[in-house]
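The next block holds one structure in the form of structure tokens; read it before the comments.
Because the structure is a prediction, the values reported are computed rather than measured.
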Amino acid sequence: MEIQELFEGEVEIPTLPEVYYDFKEAMEDPDGSFDEISEIISIDTGLSIRLLKIVNSAFYAFPSQVETISHAISVIGLEQLNNLVLSTVVMDRFKNIPDSVINMESFWKHSIACGLAARTIASLRKEVNAERFFVAGMLHDIGRLVLAMSAPFSILSVFMRCKAEEISLHDAEKSILGFSHTDVGQLLLKNWKLPAFHQNVVGNHHQSGSSIDLESGILNIADHIANDLKLGDSGEGLSPPPLDLELWEKLQLPEDTNIEEIKAEVEQLYNATSQVFLQAA
């Protein structure tokens with residue numbers, strides 16, 4: 001099978017809604033205004049409601065209620081609103097995958113946990129716009145959803161080999177398909193015209209510590225944490241890879257950083273965050 005066949009078969013692979021691209025275009029317009037951007041989002045009532053639920057949740061923990069999209073922009077900023085819009089519309093695009101192939105609630109729970117861990121690690125590293133790492137966590141296994149839609153029998157074969165041979169799902173995919181969910185996810189995000197940052201971390205987060213870039217490395221460690229905490233499952237929980245100690249050192253986190261503390265922070269935020277994102281989906 002060629003990877004491009006997944007996108008050219010009878011099953012239509014989701015695209016992002018026009019509202020996302022309209023919002024993105026307005027956000028990048030130097031002559032655009034907050035009112036224009038707010039209007040674009042507000043036209044989509046369902047999206048507006050979902051975004052306000054998230055902004056008013058423990059994910060941000062603001063002391064007072066945020067009642068409008070324009071108010072949300074003023075308190076979290078355009079870049080963070082963009083991250084929220086992206087993560088919210090993506091969750092809305094994959095709704096008809098049967099549980100017999102992938103349990104979508106469990107998939108998104110794992111993705112949310114990975115996003116929280118990635119955001120926590122990025123914050124410790126003082127990365128610019130740590131929120132984008134939460135979105136990266138939400139997207140990191142999205143190629144597996146394309147496989148589930150276009151090649152459900154192949155992905156079930158992958159799951160069976162992973163379990164029978166106790167190898168990583170990533171390796172089982174390479175063995176059976178000739179490519180992995182990371183390759184599929186990277187191509188999907190390229191087709192969606194998402195930023196190079198997201199394409200890169202989705203495509204490379206399973207590389208090893210010696211070859212991986214730092215941004216993808218954050219996702220690698222975050223994925224390990226989500227799997228280790230058993231918060232949801234995107235399939236990797238069948239045979240999760242161990243913590244890459246070389247990569248952990250490569251991230252150069254503050255000296256007093258303890259991975260157990262990161263896990264504790266993820267667990268503290270997880271229940272409220274997963275609840276509001278799953279309700280908003």
Side-chain angles (χ1 to χ4, degrees), residues 6-7 11-27 37-57 59-60 66 68-69 72-73 76 78-99 101-116 118-119 131-150 152 181 184-195 198-199 202 232-235 270 272-281:
L6 297 170
F7 297 86
V11 177
E12 186 176 350
I13 302 303
T15 57
L16 293 180
E18 284 302 316
V19 65
Y20 172 74
Y21 295 108
D22 291 344
F23 165 77
K24 188 78 171 165
E25 183 180 355
M27 191 183 84
I37 295 169
S38 300
E39 183 64 23
I40 289 169
I41 298 295
S42 299
I43 288 172
D44 188 326
T45 305
L47 177 59
S48 298
I49 291 171
R50 294 196 297 271
L51 290 173
L52 290 174
K53 280 184 179 178
I54 295 168
V55 171
N56 285 302
S57 73
F59 187 71
Y60 285 105
V66 176
T68 64
I69 295 299
I73 293 173
I76 68 174
L78 274 178
E79 197 62 48
Q80 287 201 38
L81 185 65
N82 175 59
N83 291 329
L84 277 188
V85 170
L86 179 56
S87 57
T88 304
V89 297
V90 165
M91 289 186 73
D92 194 50
R93 305 317 271 177
F94 295 91
K95 286 190 169 179
N96 298 315
I97 298 175
D99 277 356
V101 182
I102 287 183
N103 182 297
M104 289 305 299
E105 181 176 340
S106 188
F107 176 91
W108 287 124
K109 283 182 175 180
H110 168 79
S111 301
I112 290 164
C114 182
L116 289 171
R119 184 178 70 164
E131 293 297 329
R132 67 187 175 142
F133 285 90
F134 176 80
V135 182
M138 294 288 288
L139 296 172
H140 79 291
D141 280 340
I142 200 166
R144 199 159 281 147
L145 300 185
V146 176
L147 288 169
M149 294 181 71
S150 290
H181 70 283
V184 179
Q186 188 173 32
L187 181 56
L188 175 67
L189 301 193
K190 182 179 179 181
N191 291 345
W192 281 355
K193 297 181 172 59
L194 291 192
H198 290 303
Q199 295 179 39
V202 166
D233 181 14
S234 67
Y270 173 77
T273 303
S274 61
Q275 184 178 29
V276 72
F277 271 87
L278 290 171
Q279 284 178 347

From I97 atom CD1 to N103 atom CG, the distance as rounded to the nearest 0.5 Å: 11.0 Å
Steps toward side-chain contact (heavy atoms from CB on, under 4.5 Å) verdict (Y20, N82): CA-CA 9 Å; Y20 172 74; N82 175 59; 3.6 Å; yes
Spacing of CG belonging to N191 relative to NZ belonging to K193, to within rounding of 0.5 Å: 7.5 Å
N/O donor-acceptor pair under 3.5 Å between S274 side chain and K109 backbone: no
By ring-ring contact (aromatic ring centres under 6.0 Å, His included) - contacts of F107 (at least two apart): none
Within-4.5 Å side-chain heavy-atom neighbours: M104 and K95: no
Matching residue for L189 among V90, L16, L194 - test: side chain to side chain contact (heavy atoms under 4.5 Å, CB included): L194
Nearest heavy atoms of P14 and L188, plus distance in Å: O-CD1, 4.3 Å
Heavy-atom check, side chain of E131 versus side chain of R119, under 4.5 Å: yes
Smallest separation among heavy atoms of K53 and V276, with atom names: O-CG2, 3.5 Å
Min side-chain heavy-atom separation L86-K24 under 4.5 Å: no
Spacing of I73 atom CD1 and M27 atom CE [to the nearest 0.5 Å]: 10.0 Å
Contact check, side chains of L187 and W192, non-hydrogen atoms, under 4.5 Å: no
Trace of the side-chain contact (heavy atoms from CB on, under 4.5 Å) decision for I142 with V146: CA-CA 7 Å; I142 200 166; V146 176; 5.7 Å; no
Minimum heavy-atom distance between C114 and G137, given as atom pair plus value: SG-CA, 4.0 Å
Side-chain touch L84/V55, heavy atoms, less than 4.5 angstrom: yes
CG-OG1 distance between N83 and T88, expressed to the nearest 0.5 angstrom: 10.0 Å
Beyond-backbone contact of F94 with M149, side-chain heavy atoms, under 4.5 angstrom: yes
H110 ring center near H140 ring center (under 6.0 Å): yes
From S87 atom OG to D92 atom CG, the distance as rounded to the nearest 0.5 Å: 11.5 Å
Atom of S42, atom of S48 and distance for their closest heavy-atom approach: CA-OG, 3.2 Å
Non-hydrogen atoms of V184 and F7 that approach each other most closely: O-CZ, 3.9 Å
Euclidean distance, H181 NE2 relative to L145 CG, rounded to 0.5 Å: 10.0 Å
Neighbour count above 12 (heavy atom, 6.0 Å) for E25 CD: no
Heavy-atom check, side chain of I69 versus side chain of E39, under 4.5 Å: no
Heavy-atom closest contact (W108 atom, L278 atom, distance): CB-CD2, 3.9 Å
Parallel, tilted or perpendicular: rings of F59 and F277 (30°, 60°): perpendicular
Steps toward side-chain contact (heavy atoms from CB on, under 4.5 Å) verdict (I43, V19): CA-CA 9 Å; I43 288 172; V19 65; over 6 Å; no
Student check: side-chain heavy atoms of L52 and T68 closer than 4.5 Å: no
